[in-house]
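Lettering follows sequence order; numbering is per chain, from 1. Quantities reported herein were computed from a predicted structural model and do not represent experimental measurements.
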Amino acid sequence: MSKESKTMFRELASYSQVGMTFVFSIFIGLGIGWYLDHKVFNGRTVPYLTFIFLGLGIAAGFKHLWDVSKKISDD
Amino acid sequence: MEHPILFISLILDKLGLPVPHTPTGATMLEKLCEPYMTYTWLVMAFLIIVPKLTMSRMELVPGSGQNFWEVTIGGLMDFFAENLGKERAKMLFPMMATFFLYIIIANMIGLIPGFMSPTSNLNITLGMTIMVWVTHHVLGFRYHGLNYYKHFTGPMPIMAPFMFLLEVIANCARLISLSMRLFGNILAKEILLSVLFMLAGAYFAPLPILCLGVLVCIIQAVVFVLLAVLYCASAMEEAH
């Protein structure tokens, strides 16, 4: 394999991860919030922690996107 | 999904062992007789026996068997050294090369009628992903000590707790995305093949998908190992 196609392959692998990481970080954030709301605090804080952690999950997804795009512009 | 014919399951059934007909077995023995377990052992046996047969006598001028392994191992070593550096590649080589050989053979085996890919079960892929995930954090702690947390906090001290939460969530997403991609691709290949085989097997309908399957098998194995290596490399390098 040539040098070109090797770097291309490496970048392909890391960028193919972007979409899934974005989706799963949102769901993981939502899941953590739901778990804290319903299991840890027994429903006393019901809508709030879920929404806060959903927001954190979305922010995590966007931060990952930001990091990747910064890496592209750096190279 | 119900596989058409799995010969190991048939043999075990004839031997009187309980082969479960649901995705997961109830008892310990049933769990051990699930197809993905038995086929994992087949792949393991293959990986132990074939190198033993081809490399029992190491020669200075290699024969065809030894030559094949030299090319494979040499290629993998170069590939890891490029991403990790020589020293670290040597340290991680046994684990990553095992992952690569295991995944590629486990993927390929599903293309033969009568076999299934163990990697088309989430338990196997998630197990491997957890190993990679734990390893890259252990390596991070080993190389940076407690300063490893700086990888997660970002440059600004004020934003650090917030960034830490975000990074932890994004890091856990790795766990799912790495396992789900391998699992999803291989399961899709298996289902597509078996459906096409049942619909029009006599007219060679699965043939194009078999060709694509070979490609998918190789790409998924390479991508899994490549991402594992990249995660380990990013855990070992200095925080930016």
Side-chain angles (χ1 to χ4, degrees), chain A residues 1-41 45 48-75, chain B residues 71 74-76 78-84 100 125-126 129 132-133 151-156 159-185 216 218-231 233-234 237 239-240:
Chain A
M1 243 196 300
S2 67
K3 187 89 188 153
E4 277 285 270
S5 63
K6 265 183 189 166
T7 40
M8 194 205 75
F9 213 58
R10 181 167 51 214
E11 284 174 2
L12 202 67
S14 45
Y15 301 148
S16 73
Q17 201 75 337
V18 170
M20 283 208 276
T21 309
F22 193 85
V23 173
F24 286 128
S25 29
I26 293 173
F27 278 107
I28 286 173
L30 185 66
I32 293 172
W34 187 89
Y35 184 83
L36 286 177
D37 258 353
H38 288 89
K39 304 287 165 182
V40 179
F41 294 108
T45 52
Y48 302 110
L49 282 181
T50 309
F51 281 117
I52 289 170
F53 275 88
L54 175 64
L56 280 177
I58 294 170
F62 273 104
K63 179 163 186 301
H64 183 252
L65 210 59
W66 170 257
D67 286 345
V68 168
S69 55
K70 214 169 63 179
K71 217 172 106 193
I72 297 175
S73 64
D74 282 351
D75 287 342
Chain B
V71 169
L76 279 174
D78 287 347
F79 178 65
F80 296 150
E82 208 167 291
N83 290 310
L84 289 164
F100 179 75
T125 57
L126 192 61
T129 311
V132 169
W133 195 77
H151 281 244
F152 295 95
T153 47
M156 280 183 287
M159 298 282 276
F162 182 61
M163 284 298 167
F164 184 79
L165 268 177
L166 297 191
E167 285 284 343
V168 167
I169 291 175
N171 206 284
C172 292
R174 282 179 178 182
L175 202 61
I176 304 178
S177 63
L178 194 58
S179 60
M180 278 291 186
R181 201 236 332 273
L182 181 59
F183 159 71
N185 276 294
V216 169
I218 297 170
I219 289 176
Q220 289 310 317
V222 172
V223 164
F224 185 95
V225 172
L226 184 61
L227 282 171
V229 166
L230 287 181
Y231 290 162
S234 73
E237 73 190 7
H240 37 77

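Counting heavy-atom pairs closer than 4.5 Å to chain A, the top-ranked of the candidates Val223(B), Leu178(B), Leu226(B), Val229(B) is Leu226(B). Options Arg174(B), Arg181(B), Met163(B) differ in how many heavy-atom pairs under 4.5 Å they form with chain A, and the most are formed by Arg181(B).
When all heavy atoms are compared, the tightest approach of Ser25(A) to Ala173(B) is N-CB, 3.8 Å. The shortest heavy-atom contact between Gln17(A) and Ser177(B) is NE2-OG, 3.2 Å.
More than 12 heavy atoms of other residues, nucleotides or ligands sit less than 6.0 Å from atom OH of Tyr15(A).
Using a 4.5 Å heavy-atom threshold, the side chains of Phe62(A) and Leu166(B) count as separate.
Between Phe24(A) and the choices Ile169(B), Leu175(B), Ile176(B), the side-chain contact (heavy atoms from CB on, under 4.5 Å) rule is met once, by Ile176(B).
Only the side chain of Val222(B) comes within less than 4.5 Å of a heavy atom of chain A; its backbone N, CA, C and O stay farther away. For Phe162(B), the part sitting under 4.5 Å from any heavy atom of chain A is the side chain, from C-beta outward, and nothing else.
Taking CD1 of Ile52(A) as the start and CG of Leu165(B) as the end, the distance is 11.0 Å to the nearest 0.5 Å.
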